[in-house]
Amino acid sequence: MAEYKKTLNLPKTKFPMKANLAQREPETLKRWEQMDLYGKLCAQGRGRPKFILHDGPPYANGEIHIGHAVNKILKDIIVKSKWLSGFDAPYVPGWDCHGLPIELQVEKKVGKVGRKVDAKGFRDACRDYAARQVKKQSKDFQRLGVLGDWKDPYLTMDYQFEADIIRAFGKVVSNGHVDQGCKPVYWCTDCQSALAEAEVEYADRTSPAIDVRFRVLEPEALLSRCHHVEGKTGSGEISVVIWTTTPWTLPANQAVAVNPEFEYALVQCRQDGHDERLLLASAMLKDSMGRYGIDDYQVVAYCPGQALEGMKLAHPFYQREVPVILGEHVTQEAGTGAVHTAPGHGQEDYVVGSRYGLPVDNPVGADGRFLEGTELFAGESVFTANDKVIETLQARGALVHHQAVTHSYPHCWRHKQTPIIFRATPQWFISMAKNSLRQTAMAAVDKVEWMPDWGKARIQGMVENRPDWCVSRQRTWGVPITLFVHKQTGALHPRTPELVEQVAQAVEKQGIDAWFELRTEDLLGDEAADYDKISDTLDVWFDSGVTYEAVLRRREGLTFPADLYLEGSDQHRGWFQSSLLTSCANYGHAPYNAVLTHGFTVDKDGKKMSKSEGNVVAPQDVTKTYGADILRLWVAATDYRTEMRVSDEIIKRIADAYRRIRNTAKYLLSNLSDFDPQQHLLEPGAMLPLDRWAVATAYRLQQQVLAAYERYEFHTLYHRIHNFCSVEMGGFYLDIIKDRQYTMPQDSAGRRSAQTAIYHIVSAMACWLAPVLSFTADEIWRYLPGERKESVLLAEWYTQLFDLDEQEEMNFAFWQQVIEVRDAFLKEMEKLRNQEQAGSSLAVDADLYCGQEIYQQLQKLGDELRFILISASARVLRDTDKTPGAVHYTLSTNDELWISLRPSPHRKCERCWHFREDVGTDATHPDLCGRCVQNIDGAGEARCYA
RNA sequence: GACCUAUAGCUCAACUGGUUAGAGCAUUGCGCUGAUAACGCAAGGGUUGCGGGUUCGACUCCCGCUAGGUACACCA
């Protein structure tokens, strides 16, 4: 009996069930590299419509983490799907190479500039360090299967790139957007440099909160402006009380601000036997007195804030008069309603101070210590100075109250622990107001497509409110601000655009050292004596903010603006904005047509990943244990618009899903071992209706898959494909066609029909999977019979699928009903199994008693319904003849059906395993059914439908 | 204070508010042994984060709370 097995056409393939991705993927990568896959794609893309996804540069420092992987894989999925959609979609990856983090790393090795190394040597070391980081990260990105121009990525430290940054900045200057000013900027005392908004992080910090007296110098003048309570004036000194959490800024105090709209109260206090009068906002009175622990007080007069303007006060510890000024920024949320104002140490103070022409005094040095000559505090660090200021106030009788307060305070994002101070220094700014940059940017934002749409509101809010962009840094490893300013007037050199271009050309040849080594007279000749050469570097956010300039506008085959920028949602304040501002300044529009953002990666409980929590999932680990395709599938399966959860379990589930998809592909391929599309492919019209249904189902799925790629909704596409493998294929179609595949003559129409369907389906499927499971899809592709391109990534979506017409007798609705009938049959089967009356359904006879409509439908299949049920027999009968034991089912179409099953009384055919009455009727094959006899010795059976 | 998120153990559905909230995976039981470190069938599993409200009707709209995430802020 075993001999009949040889007469079957069993599945056969070398396509391995076990993926072994960790080993196989690197081999595939090697092959792609050898065949120059990316080069071939570009060559073949010539003349096609463009799709340009511009890569945001990761910082060239450290190992890539899961967030990097998510970002690059999402980009890769999009780019590949665009190639498959017939676009020319070149992808140029890049790195951000200048800046402080690299300096810090290099300092650890070679020390600070000026000690063991000079600036030039230090920059060389930085360049070297960055190059090594890029190399390492590049390798890791490529290992993930990300396809792009890895041979020629963009680096912001390339000479050409550095020159383009200089040119771009020169253009921003020429367009009149740049200001030099002495404004308070975020300052890190560890970096000893100004910071950008993007370099500031907020964290809780405990600070001393103090209330301080500012003595009123002309009490009579004040009293004359007040409304007195019952003619009282009280007695004792009069002081305005301010509240502050930064005592160290008091040396720079230039004024006290009050809100013109508030009412202020003059309060008579008696403490320790002496009288005094305090002036503070009426609304803050109760809280403040409570804080001071003063119960014995009485309001003697009221005064509108407006009337206090110009009053003279004594600085609490310096011999200095400071005025009362008015400011809308004074609130009643905390404090006393009177605000100590130090224009050198705060943005608001600076703004209101400049209205009154107050000096912008900054007694604090770059290292955070008070400058030589600062009375009382010279040499003291501002943070330790707090105590000293408080002591001084105490000694002078100016301290009303002192307590500790915990509040959110800005810190340096590199140094984490280092609190930032506001410090007025001469800096360069891209002004938001000049030449209406803010309005231009707002208008540009409006024209861009933001996905998800709340991204628009977010960036609008930021652009609307952001201060001028401080672009100068006092660092070594950065692109220089290549300007000359007049020593007396501070004006830019009149030939600035020309000079910038000359410098850019030099930098193009020698890198940024060209500027640092340049002597002023080299460029300015006789004028040199009148000009200062700026030694500041540019904020690295400016570097990355002009990547479109050095990449999109510089390289052939790319377009500006880009079709898409895609980064994490944190880049609304970072790259999206820096790119927007420079582009608006120089071109008047955004550098991108659409912006897509993804969320952050969190652990299984939605918590942030951190080393201390031990919940970090490293992409390298996943790749090593499961393979890059598993990581890629996880990215695709997860809705990236919000937080993306990863954990071992989640990855394991994804690996399970992967195996299902892979095994489906394997099974499809295994049924094509003897199929040559050139010879055996059938026309749609020649195929069996069930096979046409299968192709049409794939056709409809493909429409959904393509739509999902189009909308960047990869998780829906993943679910659909996986469902297709499990439900339509595994649970229905593939199970049914086994009989035909195995038992019919090899070259019979029935068998070739199913193979045609399988061929179409697996060909299409390889394409669906290619952007996500690039390695696996490529592998499937190589096992497909017939002529084809070298890699699935060079292909376009499969075009040979077709739909099923509504007019067909066996249309989708028909097959839907058949599936429901089959589901009902399977439920009855299960009962039989539970009663131990049956195992295989091939040993069961089925009687289906049908209502009128469904009877006619099922009749269409004739005897072939049994192949769909995979039963020994299937009789379609009238419900009027139903037996008492038949079980009732109602279909979704409201058709009614009664099913009765019983074990077949007949023998099992040794070949096809069906239990048939005609087993043994042929003397030469006593163990076979009539059908099998025909299939072996005769012309073969005829199949019409399934 | 602002914005986003919260649906079975996991990943996702549920159109503009409309029957009993759906899939797949996982789990459990069963079958098959011609996809076998596979395949098929079936079953259990949800107070849609919590509490209010609007409505004939709420996963869906409104308010509050909780948890988590993110970006920001002139808290002096």
Gap in Å between the two P atoms, one belonging to B:C59 and one to B:C50, rounded = 11 Å

Does A:His722 put a side-chain nitrogen or oxygen below 4.0 Å from OP1 or OP2 of B:U11?
-> no

Base, sugar-phosphate, or nothing for A:Glu649, non-hydrogen atoms under 4.0 angstrom?
-> sugar-phosphate

For A:Asn259, all residues meeting side chain to side chain donor-acceptor pair (under 3.5 Å), sequence neighbours excluded = none

With the side chain defined as heavy atoms from C-beta on, A:Lys607 is closest, among B:G68, B:C3, B:G24, to B:G68

N/O (side chain, A:Tyr658) to phosphate O (OP1/OP2, B:C25) under 4.0 Å | no

Sorted by position of nearest nucleotide on RNA chain B, 5' first, the leading residue of A:Ala657 and A:Thr743 is A:Ala657

What residue pairs, at least two apart or across chains, pass salt bridge (charged side-chain N to carboxylate O under 4.0 Å, His left out) with a residue in residues 450-464 of chain A?
-> A:Asp446-A:Lys456

What does A:Asp605 touch in the nucleic acid at a heavy-atom separation under 4.0 angstrom: a base, only the sugar-phosphate, or nothing?
-> nothing

With a non-hydrogen cut-off below 4.0 angstrom, is A:Arg662 in contact with a base, only sugar-phosphate, or nothing?
-> nothing

Just call it for A:Lys604: base, sugar-phosphate, or nothing, with non-hydrogen atoms closer than 4.0 Å on any strand.
-> nothing

For A:His345, enumerate each residue passing the ring pair (Phe, Tyr, Trp, His ring centres under 6.0 Å) test, keeping only those at least two apart in sequence or located in another chain.
-> A:Trp248

If the C1' atom of B:A26 is compared with that of B:A73, how far apart are they to the nearest Å?
-> 46 Å

Integer angstrom distance from the P of B:G17 to that of B:C62 = 11 Å

Whether over 12 other heavy atoms sit under 6.0 Å from A:Asp648 CG = no

Non-hydrogen side-chain atoms of A:Phe15 and A:Ser670 separated by less than 4.5 Å = no

Separation of A:Glu728 atom CD from B:G40 atom P, in whole Å?
-> 13 Å

Determine the Euclidean distance between corresponding P atoms of B:A42 and B:U47; express it in Å to zero decimal places.
-> 25 Å

Rounded distance in Å between the C1' positions of B:U55 and B:G69 = 33 Å

Members of residues 829-838 of chain A that approach RNA chain B, where some heavy atom sits under 4.0 Å away = A:Glu830, A:Arg833

From CD of A:Glu828 across to P of B:C30 the rounded distance in Å is 20 Å

Separation of atom CG in A:Asp453 from atom P in B:C3, rounded to whole Å | 14 Å

Identified stems (criterion: three or more consecutive Watson-Crick or G-U pairs, under 3.5 Å), RNA chain B = B:2-6 with B:66-70, B:9-12 with B:22-25, B:27-31 with B:39-43, B:49-53 with B:61-65

Sugar-phosphate, base or nothing in reach of A:Gly731, heavy atoms under 4.0 Å = sugar-phosphate

Say you pick atom C1' in B:C25 and the same atom in B:G44; how far apart are they, in whole Å?
-> 16 Å

Rounded to whole Å, CZ of A:Arg653 lies from P of B:G9 at a distance of 13 Å

Under 3.5 Å, side-chain donor or acceptor atoms of residues 721-730 of chain A against the rest of the protein: list the pairs with distances, not counting sequence neighbours.
from	atom 1	to	atom 2	distance (Å)
A:Ser726	OG	A:Arg660	NE	3.2
A:Ser726	OG	A:His722	O	3.3

Under the 5.5 Å and 30° test, is A:Tyr718 stacked on the base of B:G24?
-> no

Relative to the 5' end of RNA chain B, which residue comes earlier, A:Leu734 or A:Asn723, by the nucleotide with the nearest heavy atom?
-> A:Asn723

Can you tell me the distance, in whole Å, between the NZ atom of A:Lys12 and the P atom of B:A35?
-> 16 Å

Residues at least two apart in sequence or cross-chain that pass side chain to side chain donor-acceptor pair (under 3.5 Å) with A:Thr246, listed by chain then number, are A:Thr244, A:Thr249

OP1 or OP2 of B:C74 under 4.0 Å from side-chain N/O of A:Tyr186 | yes

Partners of A:His598 by ring pair (Phe, Tyr, Trp, His ring centres under 6.0 Å), sequence neighbours excluded?
-> none

Integer angstrom distance from the P of B:U60 to that of B:G45 | 24 Å

For A:Ile661 and B:C39, what is the distance between atoms CD1 and P respectively, to the nearest whole Å?
-> 12 Å

A:Ile459 has an atom CD1; how far is it from atom C1' of B:A71, in whole Å?
-> 11 Å

A:Trp913 near the nucleic acid: base, sugar-phosphate alone, or nothing, with a heavy-atom cut-off under 4.0 Å?
-> base

Distance between P atoms of B:U28 and B:U70 (Å, rounded) | 36 Å

Please report, rounded to the nearest Å, how far the P atom of B:A6 is from the CZ atom of A:Arg641.
-> 11 Å

Report which part of the nucleic acid A:Thr246 touches: base, sugar-phosphate, or nothing (heavy-atom distance under 4.0 Å, all strands).
-> sugar-phosphate

Touch class at under 4.0 angstrom, heavy-atom based, for A:Ala637 against every strand present = sugar-phosphate

Just checking A:His719: base, sugar-phosphate only, or nothing, at a heavy-atom cut-off of under 4.0 Å?
-> base

Between protein and nucleotides 36-38 of chain B, what N or O pairs are separated by less than 3.5 Å?
from	atom 1	to	atom 2	distance (Å)
B:U36	OP1	A:Lys666	NZ	3.0
B:A38	OP1	A:Arg659	NH2	3.2
B:A38	O3'	A:Asn663	ND2	3.0
B:A38	O2'	A:Asn663	ND2	2.4

For the pair A:Arg423 and A:Tyr186, evaluate side chain to side chain contact (heavy atoms under 4.5 Å, CB included) and give the outcome as yes or no after the intermediate values.
-> CA-CA 7 Å; A:Arg423 179 169 176 266; A:Tyr186 292 113; over 6 Å; no

A:Asp349 meets the side chain to side chain donor-acceptor pair (under 3.5 Å) criterion, sequence neighbours left out, with none

Which part of the nucleic acid does A:Leu826 contact within heavy-atom distance under 4.0 Å: base, sugar-phosphate only, or nothing?
-> sugar-phosphate

What pairs with A:Tyr759 under side chain to side chain donor-acceptor pair (under 3.5 Å), at least two apart in sequence or on another chain?
-> A:Arg788

Listed by chain and number, what are the ring pair (Phe, Tyr, Trp, His ring centres under 6.0 Å) partners of A:Trp450, not counting sequence neighbours?
-> A:Tyr592

Base, sugar-phosphate, or nothing: which does A:Thr638 touch, judged by heavy atoms less than 4.0 Å apart?
-> sugar-phosphate

Phosphate OP1/OP2 of B:U70 contacted by A:Lys608 side-chain N/O (<4.0 Å) = yes

Residue pair A:Leu773, A:Ile780: steps toward the side chain to side chain contact (heavy atoms under 4.5 Å, CB included) verdict | CA-CA 10 Å; A:Leu773 297 176; A:Ile780 294 169; over 6 Å; no

Can you say whether the rings of A:Phe714 and A:Tyr709 are parallel (under 30°), tilted (30 to 60°) or perpendicular (over 60°)?
-> tilted

Under 6.0 Å between the ring centres of A:Phe422 and A:Trp187?
-> no

